[in-house]
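Down below is the structure, laid out as structure tokens.
Throughout, protein chains are lettered first and strands after them, A, B, ... in sequence-line order, and every chain is numbered starting at 1.
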2 protein chains.
Amino acid sequence: ARPRVGYYYSGKNGGQLFNEQMQKLTVKQFQSVPVVVNESASAYDAICIMFLEDVGTLFVVNKKSRLAGILSRKDLLRASMGKQDLESVPVSIIMTRMPNVTMCKPEDTIVEVANKLINKQIDGVPVVREIEEEGAIVHEVIGRLTKTNIAKAFVYMASDDLHT
Amino acid sequence: ARPRVGYYYSGKNGGQLFNEQMQKLTVKQFQSVPVVVNESASAYDAICIMFLEDVGTLFVVNKKSRLAGILSRKDLLRASMGKQDLESVPVSIIMTRMPNVTMCKPEDTIVEVANKLINKQIDGVPVVREIEEEGAIVHEVIGRLTKTNIAKAFVYMASDDLHT
């Protein structure tokens with residue numbers, strides 16, 4: 001359940017309360033289901049999955065199902081313009097690889113992620129949980145947060161029902 | 001009874017005022033510059049322009065510079081997977097053609113456009129001005145409104161500066 005804006009006396013005006021409410025929206029409230037592909041899959045497979053699942057961003061995982069990289073439509077379009085055979089190019093060659101992947105956590109705010117997407121000019125980020133495995137920090141992919149989710153958060157905050 | 005915490009007495013609480021302010025944000029305030037391509041250009045040219053200008057959506061115009069269609073990264077990725085030679089395929093074959101193009105006007109609200117982008121699962125729309133030419137309504141492309149602009153509007157509304 002999403003929190004509602006409360007009106008109580010706090011020495012702040014309603015605009016400030018609303019503003020705080022907007023700043024407190026979290027990834028967890030708006031995230032989507034992640035779509036992942038194994039790092040051994042081909043670029044051709046990745047394009048098929050992207051169309052089948054109708055997403056703009058795929059997360060690439062290793063054999064242990066930990067985040068290895070990220071693939072955008074732009075990466076796949078670039079690859080498809082190359083001379084190579086897409087069925088023989090593994091996604092691990094064309095993806096943006098860890099640790100260069102921009103990520104977020106379920107408890108991050110929507111505003112923080114919106115700023116990341118704007119500043120890095122990307123469409124979406126994986127929502128991850130950090131795990132320590134064999135002395136290293138690895139990332140389990142538990143969600144997906146894209147500009148579509150931001151648009152939904154915008155519509156949610158602008159909705160009349162929230163404030164009556 | 002809940003205390004009134006608005007800036008001035010209007011019979012509305014501050015949350016409602018803020019909410020109205022959010023609903024009043026317009027396309028004009030947040031739109032970007034449009035990137036257009038002529039309908040006689042090839043799919044190959046379109047992909048090059050998309051990378052050079054770093055946009056996800058191109059607007060296709062006819063000889064009279066009126067809106068003829070729209071091209072997304074998804075359309076170009078689909079075309080690049082086909083067997084045809086991209087240099088010999090004109091964009092007019094692969095674009096979404098008028099009158100099936102979702103558009104908006106400068107005075108439309110950001111909320112309206114956000115809902116269109118979400119419901120139609122598209123990344124952006126052309127901002128157009130309607131013109132009557134030779135007895136028909138045609139469209140001049142004057143801007144571009146994408147999910148990035150929505151994210152910027154979200155960050156703007158969540159900013160502290162706005163409400164102090």
Side-chain angles (χ1 to χ4, degrees), chain A residues 4-25 44 47-48 50-51 54 56 72-74 76-81 86 109-118 121-123 146-155 157-164, chain B residues 2-7 12-25 44 47-48 50-51 54 56 72-74 76-81 86 109-118 121-124 146-164:
Chain A
R4 297 180 63 90
V5 176
Y7 300 114
Y8 47 86
Y9 184 71
S10 68
K12 290 172 179 166
N13 63 48
Q16 285 170 329
L17 288 175
F18 186 91
N19 182 237
E20 278 183 15
Q21 182 68 30
M22 194 162 176
Q23 289 174 357
K24 279 179 188 159
L25 296 180
Y44 182 85
I47 295 173
C48 294
M50 201 170 259
F51 277 104
D54 201 23
S72 65
R73 273 201 193 112
K74 201 169 152 184
L76 290 169
L77 188 55
R78 192 184 294 108
S80 78
M81 296 298 287
L86 290 176
T109 67
I110 295 291
V111 180
E112 284 174 293
V113 179
N115 274 313
K116 278 187 189 177
L117 298 181
I118 293 166
Q121 299 183 284
I122 51 179
D123 285 329
T146 66
K147 284 179 185 161
T148 302
N149 302 114
I150 309 273
K152 286 179 181 170
F154 186 95
V155 169
M157 284 308 292
S159 131
D160 278 326
D161 309 347
L162 198 63
H163 316 287
T164 48
Chain B
R2 296 182 297 206
R4 298 284 184 192
V5 291
Y7 293 101
K12 289 170 180 169
N13 63 48
Q16 285 170 329
L17 289 175
F18 186 91
N19 182 237
E20 278 183 14
Q21 190 181 353
M22 193 162 178
Q23 288 175 358
K24 279 179 188 159
L25 297 180
Y44 181 85
I47 294 173
C48 293
M50 200 170 260
F51 276 103
D54 201 23
S72 66
R73 275 202 191 112
K74 202 169 151 181
L76 290 170
L77 187 56
R78 192 184 294 108
S80 78
M81 296 298 286
L86 290 177
T109 66
I110 295 290
V111 180
E112 284 173 292
V113 179
N115 273 313
K116 278 187 190 178
L117 298 181
I118 293 166
Q121 298 183 283
I122 51 180
D123 284 330
T146 67
K147 283 179 187 161
T148 303
N149 302 114
I150 309 275
K152 286 178 180 171
F154 185 95
V155 169
Y156 171 77
M157 283 307 292
S159 130
D160 278 325
D161 309 347
L162 200 62
H163 316 286
T164 48

_Any residue meeting side chain to side chain contact (heavy atoms under 4.5 Å, CB included) with B/Ser80, in chain and number order, not counting sequence neighbours_ = A/Leu77, A/Ser80, B/Leu77, B/Leu86
*asked:* For B/Asn19 versus A/Ser159, what's the shortest heavy-atom pair and its separation?
replied: ND2-O, 3.4 Å
_Pairs of heavy atoms under 4.5 Å with chain A: top-ranked of B/Leu76, B/Thr109, B/Asp54_ = B/Asp54
*Do A/Lys147 and B/Asn149 come within less than 4.5 Å of each other through their side chains, counting heavy atoms only?*
no
*Picking from B/Met81, B/Gln121, B/Met50, which has the most non-hydrogen pairs under 4.5 angstrom with chain A?*
B/Met81
*Got B/Phe154 and A/Leu25 here, is their nearest side-chain heavy-atom distance under 4.5 Å?*
yes
*Where on B/Leu117 is there a heavy atom nearer than 4.5 Å to chain A: the side chain, the backbone, both, or neither?*
neither
*Drop me the distance from B/Ile150's CD1 to A/Ile118's CD1, to the nearest 0.5 angstrom.*
11.0 Å
*Heavy-atom pair with the smallest gap, counting every atom of B/Val111 and A/Val155*: O-CG2, 4.4 Å
*What option among A/Lys152, A/Gln23, A/Lys74 has the most heavy-atom pairs under 4.5 Å with chain B?*
A/Lys74
*Measuring from A/Met157:CE to B/Met157:CE, what's the distance to the nearest 0.5 Å?*
8.5 Å
